Number of protein chains: 2
Amino acid sequence: MKPVPDKVIARLSQYRRLLTDHMDQDQTHIYSHELAALAGVSSAQVRRDFMITGYSGSPNRGYEIDELVKCIADVLDDPDGHKLALVGVGNLGRAILDYFSGRRPHLTIVAAFDVNPDKIGRHIHGVPCYHMDEIDRVVRAQGITSAVVSVPADQAQKTADTLVAAGVRGILTFTPAPMRVPQNVYIEEVDITTSLEKVAYYASTNTAVKREVK
Amino acid sequence: MKPVPDKVIARLSQYRRLLTDHMDQDQTHIYSHELAALAGVSSAQVRRDFMITGYSGSPNRGYEIDELVKCIADVLDDPDGHKLALVGVGNLGRAILDYFSGRRPHLTIVAAFDVNPDKIGRHIHGVPCYHMDEIDRVVRAQGITSAVVSVPADQAQKTADTLVAAGVRGILTFTPAPMRVPQNVYIEEVDITTSLEKVAYYASTNTAVKREVK
DNA sequence: GGGTGTGAAGCCGTTCACAGCA
DNA sequence: TGCTGTGAACGGCTTCACACCC
């Protein structure tokens with residue numbers, strides 16, 4: 001299958017959440033311009049994105065919501081689901097565990113890692129916490145494919161190397177430090193400091209800017 | 001001054017952090033290709049970005065780091081600094097307070113807001129916590145210009161409205177719900193669920209994708 | 001030679017605009 | 001008539017490639 005652009009993936013994820021979480025239960029169909037208004041994009045954008053899923057709407061009723069959600073799932077979700085690891089159980093790590101537990105059925109955080117002895121061996125928000133030395137063993141044993149990283153900057157590279165060596169193919173990192181990984185590993189970097197500096201910049205300059213989704 | 005593109009602002013912020021936080025103390029100059037390698041972009045990109053700051057390097061020594069950082073600050077930082085508010089002191093909110101306290105001198109979180117009586121009136125990571133009913137009063141009194149929002153989805157719009165009415169011009173939100181704001185207010189939306197779904201998608205498809213910065 | 005600064009070209013994502021259809 | 005699907009135009013960001021300079 002031809003590669004789907006990054007931004008389309010992000011919007012599909014957003015569309016799905018809008019359709020499943022913020023929708024009238026008895027609404028069965030939706031027009032591109034309606035969904036576009038909810039998502040803050042143009043209706044042409046919405047139609048363009050759905051071309052990729054292969055799902056066609058009907059000119060007089062729009063898109064059938066259930067079908068649409070199914071088609072989005074066909075694109076986004078691996079049929080086997082994904083097991084995730086969380087590395088670094090600090091404030092942010094705990095927030096993510098809490099925030100994310102049970103939110104997306106096909107994505108499950110099955111293991112957490114830290115170096116703090118107070119955390120190791122316990123369950124945090126239902127997830128068992130191991131020492132970081134056990135990353136390789138646990139990742140292999142559980143078949144973990146992706147990881148969320150929120151460790152101090154000076155451990156970022158070492159953590160990435162360990163994860164990649166154990167077979168992880170995708171990393172979401174909150175650590176604001178460069179991570180060097182092989183080409184076939186996907187890195188998503190959420191940089192809160194940069195995000196805040198952007199907000200501050202535009203708050204000063206008072207420039208109108210279109211909204212976008214990360 | 002002509003408006004600076006979103007992406008350039010983000011990269012300038014990243015360059016600065018690389019230059020100030022991850023640099024040998026005794027290194028005084030840097031070439032565009034060196035910084036490019038650190039940031040994971042092309043050297044042409046780096047030079048292009050610096051055109052905007054107005055700073056010129058020297059062909060045989062590259063860029064003088066101190067000068068460069070100063071020029072970036074001239075673009076990014078408001079001379080008066082920014083006071084920030086945090087709305088929603090849950091796990092994520094506390095993580096941000098902790099993570100961010102004292103990290104960027106010109107950006108200071110001066111007030112937190114929640115509805116939980118256990119938090120109101122106390123200091124959390126050194127920041128006073130008020131009831132959300134007081135947003136308008138405190139924001140005006142303190143001259144707060146920007147806000148970080150991590151409230152439940154169903155309160156996102158109300159929170160945004162209150163903040164905007166009180167004069168806030170920039171919002172960084174972690175709440176995965178559409179926020180409608182006037183054109184002149186800048187919204188940066190960090191959507192952790194979408195980020196994770198992207199990671200999972202590319203972990204499945206195994207597609208090599210270039211790294212980028214949020 | 002190996003850098004920087006920059007016009008020009010290239011690329012990619014978005015929007016336009018319209019044919020086709022119910 | 002109003003919507004979908006889509007080729008074509010558009011625009012902005014990135015890269016190329018080269019003049020210039022130390």
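None of these values were measured; they are calculated from a predicted model. Convention: sequence-line order gives letters A, B, ...; per-chain numbering from 1.
Atom NE2 of His29(A) is separated from atom P of dT4(D) by 11 Å (rounded to the nearest Å). With rounding to whole Å, Asp6(B) atom CG is found 16 Å from dT14(D) atom C1'. Between the P atom of dG5(D) and the CG atom of Asn60(A) lies a distance of 12 Å, rounded to the nearest Å. When rounded to the nearest whole Å, the span between CZ of Arg11(B) and C1' of dT15(D) equals 12 Å. Here dT6(C) presents its P atom at 14 Å from CZ of Phe50(B), a figure rounded to the nearest Å. When the P atom of dC21(D) is taken as reference, atom CZ of Arg61(B) falls 18 Å away, rounded to whole Å. Here dT15(C) presents its P atom at 17 Å from NE2 of His33(A), a figure rounded to the nearest Å. Look at CG on Asp49(A): it is 13 Å from C1' on dG5(D), rounded to the nearest Å.
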Practice item. Could you walk me through whether Asp114(A) and Arg94(A) pass salt bridge (Lys or Arg N to Asp or Glu O under 4.0 Å), step by step? Key: CA-CA 11 Å; Asp114(A) 206 300; Arg94(A) 274 194 302 273; over 6 Å; no
Practice item. Before giving the answer on ring-ring contact (aromatic ring centres under 6.0 Å, His included), spell out for Tyr99(A) and Phe174(B) the whole-Å C-alpha distance, their side-chain angles and the decisive distance to 0.1 Å. Key: CA-CA 11 Å; Tyr99(A) 173 85; Phe174(B) 293 85; 9.2 Å; no
Point to revise | Pair Thr194(A)-Ser13(B), side-chain hydrogen bond (donor to acceptor under 3.5 Å, both in side chains): steps then yes or no | key: CA-CA 6 Å; Thr194(A) 289; Ser13(B) 166; 3.0 Å; yes
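Position along DNA chain C of the nearest nucleotide to Tyr55(B) versus Val8(A) favours Tyr55(B) as the more 5'-ward residue.
Distances were taken from every side-chain heavy atom of Tyr31(B) (C-beta onward) to each of dT14(D), dG3(C), dT15(D); the shortest belongs to dG3(C).
Ser58(B) has no side-chain polar atom (N or O) that falls below the 4.0 Å cut-off from OP1 or OP2 of dC22(D). Taking only side-chain nitrogens and oxygens, Ser42(A) comes nearer than 4.0 Å to OP1 or OP2 of dT15(C). The side chain of Gln45(B) places no N or O atom within less than 4.0 Å of a non-bridging phosphate oxygen (OP1 or OP2) of dC13(D). OP1 and OP2 of dT4(D) both lie 4.0 Å or more from every side-chain N or O belonging to Ser56(A).
Residue Ser32(A) is in sugar-phosphate contact alone, with no base atom involved, counting any heavy-atom pair closer than 4.0 Å across all strands shown. Residue Tyr63(A) is classed as a sugar-phosphate contact, given heavy-atom separations below 4.0 Å to backbone atoms only.
Proximity of a side-chain donor or acceptor of His82(A) to a complementary backbone N or O of Ala200(B) within less than 3.5 Å is detected. No donor-acceptor distance shorter than 3.5 angstrom exists from the side chain of Tyr201(A) to the backbone of Asp78(B), with no hydrogens or angles considered.
Looking at residues two or more places apart in sequence or on another chain, you find a side chain to side chain donor-acceptor pair (under 3.5 Å) between Gln157(B) and Asp161(B).
Residue-to-nucleotide contacts include a donor-acceptor pair under 3.5 Å from the side chain of Arg48(B) to the base of dG7(C).
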Pairwise N/O distances under 3.5 Å, protein to nucleotides 17-20 of chain C:
{"from": "dA17(C)", "atom 1": "N6", "to": "Arg47(A)", "atom 2": "NH2", "distance (Å)": "3.4"}

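Taking 4.5 Å as the limit, every side-chain heavy atom of Tyr186(B) sits out of range of all side-chain heavy atoms of Ile171(B).
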